[in-house]
J.: 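Before I ask anything, here is the structure I am working with.
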Amino acid sequence: QQQYALYRFGTEELAVVPDSGSISVALAPSGSDLVWVSPLQVCGAVTFAPIGLVDMFNGGGAVTSCQLAPAHVHGQAAAAANGNSNAGSVVASSRASSSSPVVAAGSAAANGSPAAVAAMQLKGCGRFLAYSSDR
């Protein structure tokens, strides 16, 4: 069953829901909110979803591509991200720029190196937010 990461722009809340799930949204009179939806990608035990650039009104549109794959597929990119493999749930926020791909690692393998790597292309710059099941 497909799952999605939902990010509410106004309240800065993040939830993971199945395709048949829902979230509750209450608006004040004349109020508004945006909900960004990103499908979770799965690679082994890791689930990952890029949310986007959170300081932009349409920050979800800043993610032009995202590929989650075993670390050995990404080779040198996995080695560069080796320091980011602590276990646990996380919402990662970091600086992003359109000048180079963003690389995030997750789910440490038995030898301490990342088991999965997410490689993304972004348009724009700012604070990037993603959901990962592992740190």
J.: Closer than 3.5 angstrom, by distance alone: can the side chain of S65 be matched with the main-chain N or O of M120 as a donor-acceptor pair?
T.: no

J.: State whether the side chain of S38 and the backbone N or O of P50 hold a donor-acceptor pair below 3.5 Å, judged by distance alone.
T.: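 Checked: pair present.
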
J.: Taking the side chain as C-beta and beyond, is there a heavy-atom pair between M56 and N58 under 4.5 Å?
T.: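 A side-chain contact under 4.5 Å is absent here.
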
J.: May I ask whether L27 and L6 are part of the same hydrophobic cluster, defined by side-chain heavy atoms of I, L, V, M, F, W, Y residues being less than 4.5 angstrom apart, directly or through others?
T.: yes

J.: Test side-chain hydrogen bond (donor to acceptor under 3.5 Å, both in side chains) on D19 and Q3; report intermediate values, then the result.
T.: CA-CA 6 Å; D19 57 3; Q3 291 187 312; over 6 Å; no

J.: Is any side-chain heavy atom of V16 closer than 4.5 Å to one of Y4?
T.: no

J.: Atom OG1 in T64, atom CD in Q121: separation rounded to 0.5 Å?
T.: 5.5 Å

J.: Please name the pair of heavy atoms, one in P39 and one in Q2, separated by the smallest distance, quoted to 0.1 Å.
T.: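 That closest heavy-atom pairing would be CB-NE2, 3.7 Å.
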
J.: Report yes if some heavy atom in the side chain of V35 is under 4.5 Å from a heavy atom in the side chain of I23; otherwise report no.
T.: yes

J.: Could you check if a side-chain atom of Y7 sits within less than 4.5 angstrom of a side-chain atom of L34, using non-hydrogen atoms only?
T.: no

J.: Determine, stepwise, if the pair T47 / Q41 fulfils side-chain contact (heavy atoms from CB on, under 4.5 Å).
T.: CA-CA 5 Å; T47 56; Q41 297 182 30; over 6 Å; no

J.: Do F9 and V54 come within less than 4.5 Å of each other through their side chains, counting heavy atoms only?
T.: no

J.: Can you give me the closest heavy-atom contact between K123 and G61, atom names plus distance?
T.: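 That closest heavy-atom pairing would be CE-O, 3.6 Å.
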
J.: Would you call V63 and L122 a side-chain contact if the rule is heavy atoms closer than 4.5 Å?
T.: yes

J.: Could you give me the CA-CA distance, side-chain angles and deciding distance for S20 and Q1, then say whether side-chain contact (heavy atoms from CB on, under 4.5 Å) is met?
T.: CA-CA 9 Å; S20 61; Q1 182 177 12; 3.4 Å; yes

J.: Check whether any side-chain heavy atom of L40 sits under 4.5 Å from a side-chain heavy atom of F48, and report yes or no.
T.: no

J.: Taking all non-hydrogen atoms of both residues into account, name the closest pair between A116 and V46 and its distance.
T.: CB-CG2, 3.9 Å

J.: Kindly indicate whether the side chain of V42, heavy atoms from C-beta on, has any atom under 4.5 Å from the side chain of L68.
T.: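 Of all side-chain heavy-atom pairs linking L68 with V42, none is under 4.5 Å.
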
J.: Of the non-hydrogen atoms in A49 and A5, which two are nearest, and what is the gap between them?
T.: CB-CB, 3.8 Å

